[in-house]
Amino acid sequence: PTHLDFQVGKYAEAVRCNLLGYEADLALYGSAAAGCPSRFGIYTGYVVHNMEFCVWAAMYGANLASAQKAADAIDGFFTEGLLRSFPHLPTFFEAYSATPLMVLVRFGQWEKILATPYEADATLYVARTLFLHYAKGIAHGVRGELDAARGFLEQLREGLQGLQKGQRLHHNVDLVEMGAIALHVLEGEVLYRQAALAAAAAAAAGEQGGEAASFDGAYAALERGIACFDALPYDEPHGWLMSVRQTLAALLTEQGEWGRAVGLYVEDLELFPA
């Protein structure tokens, strides 16, 4: 039922039901695992589905506590030991380790992001490593630390260049597709912060003209992110848990470009009602 709840904007109900769902899943899965520790089944994917659906609904419903709780449940469920227990598990489930990082970005938890360490084995934690580059780049950009932000952008770009199609799957979505959105969004954020600092410096110096155009590169990068977001295969939860339209519209609003921002928010509400 929560698939329908999400479609009509009943995010609190989707959170409530998925929380009950994954708590029941863990009670059942835990007893089954205790009885047959060597068994692995497709139900493993259903457990994380309910956890991530709770995260997704909580992120759209502005519920940090529930989003964090469900994200912590994902981290607690897909431990390194579990990921290493079956050869194919990392391919199909390691990408979910990026979900808790999306929660931190969505709710602006910059200090927590910067304090988050990388996993020792980057060959196992491919998605988590890439998305931690993304998250740390966003955090540094917001803080005005552009050299650091650009460094993480380059690390993300380099990491994606070495990523093979099918290496990591997130249900119906390939990590390559998710990574393309992350790259465009981070690039847009870095270019935006760079332009904002330049515009502020020009204003302080009493200069005028050209400031609005300086944001064009940032907006174009985020438009590319929207195109990739729209091209993702159908999935619920979505293959990218944060609407790129909301990201671009927020930056446009900050610069007083109300018309473009409103248009994006209206488009977003057609996809994700409030």
Side-chain donor or acceptor of [X] paired with backbone N/O of [Y] under 3.5 Å:
X    : Y    : answer
Q109 : F107 : yes
R128 : S97  : yes
T2   : D5   : no
Q7   : L4   : no
K136 : T116 : yes
K165 : V176 : no
N172 : Y234 : yes

For atom OH of Y118, decide whether the heavy atoms of other residues, nucleotides or ligands shown that lie under 6.0 angstrom number more than 12. yes
NZ/NE/NH1/NH2 to OD/OE distance under 4.0 Å, [X] and [Y]:
X    : Y    : value
K69  : E23  : yes
E189 : R193 : yes
D121 : R84  : yes
R245 : D230 : yes

Minimal non-hydrogen separation, Y134 against M242, with atom names: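 In this case the closest contact between Y134 and M242 is OH-CE, 3.9 Å.
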Taking all heavy atoms of T253 and all of A261, pick out the closest pair and write down the distance. OG1-CB, 3.3 Å
Would you kindly confirm whether I226 and L271 end up in one hydrophobic cluster when ILVMFWY residues are joined by side chain heavy atoms under 4.5 Å apart?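 Per the 4.5 Å side-chain linkage, I226 and L271 are co-clustered.
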CD1-CG distance between I138 and L186, expressed to the nearest 0.5 angstrom: 5.0 Å
Distance check, rounded to the nearest 0.5 Å: Q246 atom CD versus L269 atom CG? 8.0 Å
Taking the inter-plane angle between the rings of [X] and [Y] on a 0 to 90° scale, is it parallel (under 30°), tilted (30 to 60°) or perpendicular (over 60°)?
X    : Y    : answer
H238 : F229 : parallel
H170 : Y96  : tilted
F272 : F6   : perpendicular

Determine whether V47 and T44 make a side-chain contact, defined as any pair of heavy atoms from C-beta on separated by less than 4.5 Å.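 No, too far: nothing below the 4.5 Å cut-off.
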Measure the shortest side-chain to side-chain distance between W56 and N18 over non-hydrogen atoms and say whether it is less than 4.5 angstrom. no
Quick check with a 6.0 Å cut-off and a 45 degree axis cone: is R106 positioned over the face of Y60's six-membered ring? yes
